[in-house]
Amino acid sequence: MRTKTLAAPYLVWMIVFTVVPLGIVAWFALTDYATGAFTLANLARVSTYVPIFLKSVWLALLSSVICLIVGYPVAYCIAGTSPRRQRVLYMLVMLPMCMSFLLRTLAWVALLEDTGIINNLIRSLGLRPLPLIRNDAAVVLGMVYNYLPYMIMPLYTVLIKLDDKLIEAAEDLGCTPARVFEKVTLPLSVPGIISGLTMVFVPAVSTFYISQKMGSSGTTLIGDVIESQFKAAYNPNLGAALSLILMVLVLVCVAVMNRFSDGEEVIAL
Amino acid sequence: MKKRALSLALCLLLCAALLPAPAAKAAEGYINVYNWGQYISDGTDGYIDVNAAFEEATGIKVNYMTFDSNESMYTKLRTGGSAYDVIIPSDYMIARLIDEDMLLPLDFDNIPNSALIDEAYLNTDYDPDNRYSVPYTWGTVGIIYNAAYVDEEDVGSWDLLWNSKYAGKILMFDNPRDSFAIAELMLGYSINTKDEDELRAAAYKLIEQKPLVQAYVMDQIFDKMERGEAWIAPYYAGDYLLMAAENEDLEFYFPEEGFNFFIDAMCIPATCANKAGAEAYINFLCSPEICVENLDYLGYSTPESAAKEFMDEERNTSQIAYPAEETLARGESFLYLDADATHLMDSLWLEVKTEGDVDYGPAVGIGVTAALVGGWLIFRSIRERRLKANRCRKWKTA
């Protein structure tokens, strides 16, 4: 009873700022632009954007996996150092997040441009400048850079809580360090991996700023299309339909990922 | 107990601080102005700060906000939530706003300086009776190019924007109306065509150009052109004069196929909360002294001959700010397309922006990932079942 009363403020907050807006999005998605009558035309038009959906999901997936590959060793190393050093290192990981997301992306643009810092350096060495920006790789780089802390955070939290006794036990039973990692550390950090992947994938799949600044004129992601519908084209109905589909897509992806952590506990037994 | 009372008092104080200060701003105390980005002299480089001068002269505070295209201004106005008192859109957008009853008729008794506007910029197609708008500036659209990289023999026509020699160094307007106009001029259509086939052909022309385009931008063009990140861009002549001051290699020409001639005018939206203040602001911007200093900074052309006389000689005779009659004759104004044509253009523009080469990479990548994930899940469930079966067997035999 007591817990319910305490949760009441958040419940109100959630209804006003999550449930009601979602209802409005659904209402817009299912009504006509001009007449306001019920229609499925907006949802039907979404099929035109299947290639863009695929591209957004693919780039987000790639960056999530790269974040995992880059972030896991970092989290593992930080968790293995002394508590004092941990605090410093953890803060260093979090530090870029204190700065505006837009500013960080613009800084990358200034680095990678044809007349940017890196290419000017290359040119001053007498070499040919490289096409560093305005391609899919640059977009993935932008996503990885911006969302890497979201991967490291949950991994670190899981790894720091890992019971040393389990590792010692495995070692006592004759496991090599590689086997210890494979049989003990990795399975126990699966929940961290799953929440890390989710926390990177979800914002990456709906991003629009990174692709506009670092992608080519052909790298249009679904976030860009949604933004244009609300900002310039004044077609909130199509925008809402796209958002709705994107949300369903993300929920499906998250559900699939969660299946991994559900089953893993059974195996760990 | 005392402590609790204190903390309660502090809490109340904090809550009070969150409430909007009651009537801190008197109703006639401020106006909200919504204008294009980089479109007023703001005190940089020793030029006049127009808004500060207005505040000083009238005591009315100016909340100044900017937009980057007529379309985004329109969306902001339509979605509401913010009441603007003065807006400065372009001709065709004013016609649309009038058509949709989104503007208030002006009270010209409060805007005596509007009498100074030249006859040539009045009685226009967009506001035939001069009831809703007072011209702010006029200008033209042409091509800005960097002479250090672009061959002189390639310039002259709009087709420079389709020249694959400069792939990746070409910028394009990030709004449908200006972009479609260029394609329509190249195809020999009117820039006010409502014909579906012609609009589709123009969209196809823009899709054809897309692989060469570095980015679709508006105000970012200043930065990109001045630093040489991009070499060719269609833009407003007035802004070219600003850019040329930063980078001497930048040149400008009026393409031979014709170009857009536009008037940007000051209007008062229907949601206005301080009409008297708004009219005072419009009147202030029309006064010749302010107009001269403002446009000196802007580079755009003034609709007031009276102001032109005070102007810098060099600017006054500039063939770019004030082109000769025969050049101007090639210019064409935008008219408001009806709602259907505007809607069609918007959706065609979205097609242009989202059109990409057929790319199987993402589909294959996602397919492989899905297969791997699915395979792993199936493999695991089989292994699990087998483990369980083994355990059961052991338990039974035990």
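These numbers come from a predicted model, not from an experiment. Chain A is the first sequence line, chain B the second, and so forth, proteins listed ahead of strands; every chain is numbered from 1.
- Residues of residues 213-220 of chain B lying within less than 4.5 angstrom of chain A, judged on heavy atoms, are V213(B), Q214(B), Y216(B), Q220(B) in numerical order.
- Inspection of the D32(A) and T39(A) side chains reveals no N or O donor paired with an N or O acceptor under 3.5 Å.
- The part of T220(A) that comes within reach of chain B is its side chain, from C-beta onward, which places non-hydrogen atoms under 4.5 angstrom from that chain.
- Between the side chain of N146(B) and the main chain of W231(B), no donor-acceptor pair closer than 3.5 Å is present.
- Proximity to chain A is absent for every atom of S69(B), based on heavy atoms less than 4.5 angstrom apart.
- Two residues are said to be in side-chain contact when any heavy atoms from C-beta on lie closer than 4.5 Å; Y236(B) and D264(B) fail this criterion.
- Only the side chain of L238(A) comes within contact range of chain B, with heavy atoms under 4.5 Å apart.
- Annotation: residues 343-351 of chain B contacts chain A through H343(B), D346(B), S347(B), L350(B) [non-hydrogen atoms, separation under 4.5 Å].
- The part of K353(B) that comes within reach of chain A is its backbone (N, CA, C, O), which places non-hydrogen atoms under 4.5 angstrom from that chain.
- For chain A, the nearby part of D68(B) is the side chain; its heavy atoms alone come within less than 4.5 Å.
- Ring orientation note: the planes of Y39(B) and W36(B) are nearly perpendicular, at an angle over 60° on the 30°/60° scale.
- Under the 3.5 Å distance criterion, with hydrogens and angles disregarded, no donor-acceptor pair is assigned to the side chains of T198(A) and S195(A).
- Using modelled atom types and a 3.5 Å distance limit, the side chains of N35(B) and T66(B) yield no donor-acceptor pair.
- Using modelled atom types and a 3.5 Å distance limit, the side chains of N120(A) and R123(A) yield a donor-acceptor pair.
- For the set A230(B), P362(B), G361(B), the count of heavy-atom pairs under 4.5 angstrom toward chain A peaks at P362(B).
- By the neighbour-count criterion of 12 heavy atoms within 6.0 Å, atom CZ of F101(A) is densely surrounded, having more than that number from other residues, nucleotides or ligands.
- M65(B) has its side chain out of reach of K76(B): every pair of non-hydrogen atoms, C-beta onward, lies at least 4.5 Å apart.
- No other option in K169(B), K210(B), M172(B), M73(B) has as many heavy-atom pairs under 4.5 Å with chain A as K210(B).
- Contact annotation for Q229(A): only side-chain heavy atoms (C-beta onward) come within less than 4.5 Å of a heavy atom of chain B.
- The candidate from K55(A), R134(A), R45(A) with the greatest count of non-hydrogen atom pairs under 4.5 Å with chain B is R134(A).
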